[in-house]
Amino acid sequence: MSEEQDKLKLKIEQAEAAAAGAQQAYDEAEPGTHKDSCRQLLLAEKASLLAKEKALEQVREKDLLQQRAAADPDLAARIAYLEEQRQLDDGLARKLYEMCSATQKAAYGKTVQGKLVCMLTSEALPSKTVIAAHLYKSSWAVFVELALGFSDIDDVRNGLLLWQPIEHAFDTAQLCFTYDTQTNSFVAQVLNSALLTEKLSSYGQRVMGASWAAPSSARAMTLTFADNDKAALSFPSGCEVRPYKRVLCYQAHLARREAAKQGWMQINFDDFWSEDEPYVAKVQHWLSKQTSDAYGE
C-alpha cells in the first residue's frame with residue numbers, strides 16, 4: 001500500500017468523524033434557520049466523505065497501473081501520455097486556456113511544442129509541469145458556495161496557470177498572492193524564508209520526484225523563489241479576466257495563519273475583498289470557522 005493511500009485512509013476516517021458530528025448536530029437542532037444551516041453542513045460533510053472515498057479508489061487504480069508499468073516500458077509511455085491529456089482536458093485548465101484572446105493562445109493557452117506559460121514566471125515550460133491551480137482547493141469544493149459565494153469550483157476566476165514548484169508552494173501555504181493597489185496587480189509573497197535561495201527547478205525535482213520534467217529554458221533552470229518574491233502575476237494582453245480577489249484574500253489569510261504556526265515569515269496586508277462586497281461578511285465568517293490545520297488537508 002502506498003503512502004498516498006495511507007494518507008487518504010486517514011482523511012476518510014477524519015471525514016467519517018466530521019460527518020457523524022454534523023449528523024448529530026442536525027438531529028439535535030431545533031427547526032428553523034439553525035437546523036437549515038446544520039443540514040447544509042451535513043450534506044457538505046457527506047459529499048466530502050464521498051469525494052475522499054472516490055479519490056482512494058483512483059489512487060488504488062493508479063498504483064496498480066504503475067506497478068504494471070514498471071515492467072512494461074510501452075505501458076509506461078502510454079500512461080505518461082494519458083496523464084498529459086488528462087491535464088489538458090481538466091475543466092479548470094480548459095477554461096483558463098479558453099479565456100485567453102485568440103492572439104495570445106499560442107503563449108497562454110494551447111500547448112506549443114508541448115509547452116505552456118506560467119502566469120508568475122512568464123516562462124514557457126513543459127506542459128505537464130504547468131498546473132491549472134485551484135485557488136480555493138478542489139478538495140474543499142463542497143464548501144465553495146457556502147464559503148465564497150460561487151458554485152463552480154472550476155470557475156476560471158478560481159484558477160491560475162502555475163509552474164509545479166510555484167503551485168506546490170502555493171498549495172502548501174509557503175507562498176500566497178496579495179493585491180497591490182498602487183500597481184493594480186496580484187503580487188507573490190514567499191512565506192517560508194528557507195525557500196528564498198532555492199532554485200525552482202531544484203525544488204520541483206525534490207517534491208515532484210519521478211513526475212518532474214526539467215525545463216529546457218536556461219533562465220528557468222536558474223530562477224529562485226527570491227526571484228519571484230514580490231513579482232506580479234501576468235495575464236494575456238487583452239484579457240480582462242482576473243482571479244476573484246476574495247478567494248486570494250481568503251487563501252492569504254489561511255497561509256499567513258499557517259506561516260505563524262510553522263514559524264515562517266509574517267506579512268501584513270490590507271484585506272482586498274472589494275470587488276464582491278455582498279460576500280465580505282460571509283467570507284469572514286467562514287474564515288473564522290476554518291480550522292488552523294487547513295493545510296494538513
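Note that the structure is a prediction, hence the values are computed from the model and not measured.
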Quiz item: Val247 versus Arg157: any side-chain heavy-atom pair under 4.5 Å?
Solution: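 No; the side chains remain at least 4.5 Å from each other.
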
Closest non-hydrogen atom pair between [X] and [Y], with its separation:
| X | Y | answer |
| --- | --- | --- |
| Ala169 | Leu195 | CB-CD1, 4.4 Å |
| Pro126 | Pro215 | CD-CA, 4.0 Å |
| Pro243 | Leu135 | CB-CD1, 3.6 Å |

Quiz item: Is Glu13 paired with Lys9 through a side-chain N to carboxylate O contact shorter than 4.0 Å?
Solution: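 No, this pair does not count.
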
Exercise. Let me know which of Glu258, Glu198, Gln174 forms a side chain to side chain donor-acceptor pair (under 3.5 Å) with Asn192.
Key: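 It is Gln174; the other options fail the test.
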
How long is the span from the [atom1] atom in [X] to the [atom2] atom in [Y], to the nearest 0.5 Å?
| X | Y | atom1 | atom2 | value |
| --- | --- | --- | --- | --- |
| Glu3 | Leu8 | CD | CG | 11.0 Å |
| Tyr244 | Tyr136 | OH | OH | 14.0 Å |
| His253 | Asp271 | NE2 | CG | 3.5 Å |

Practice problem: Compute the centroid of each ring, for Phe177 and then for Phe170, and state whether the two points are separated by less than 6.0 Å. | Solution: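 Centroid distance Phe177-Phe170: below 6.0 Å, so yes.
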
Quiz item: With a cut-off of under 6.0 Å to the ring centre and 45° to the axis, is Arg242 in cation-pi contact with Phe186?
Solution: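 No, Arg242 does not lie over the aromatic ring of Phe186.
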
Quiz item: Which is it for Lys137 and Leu254 under the side-chain contact (heavy atoms from CB on, under 4.5 Å) test, yes or no, and what are the steps along the way?
Solution: CA-CA 12 Å; Lys137 290 187 177 188; Leu254 291 180; over 6 Å; no

Quiz item: Does NZ in Lys230 sit with more than 12 non-hydrogen atoms of other residues, nucleotides or ligands closer than 6.0 Å?
Solution: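 Result for NZ/Lys230: enclosed.
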
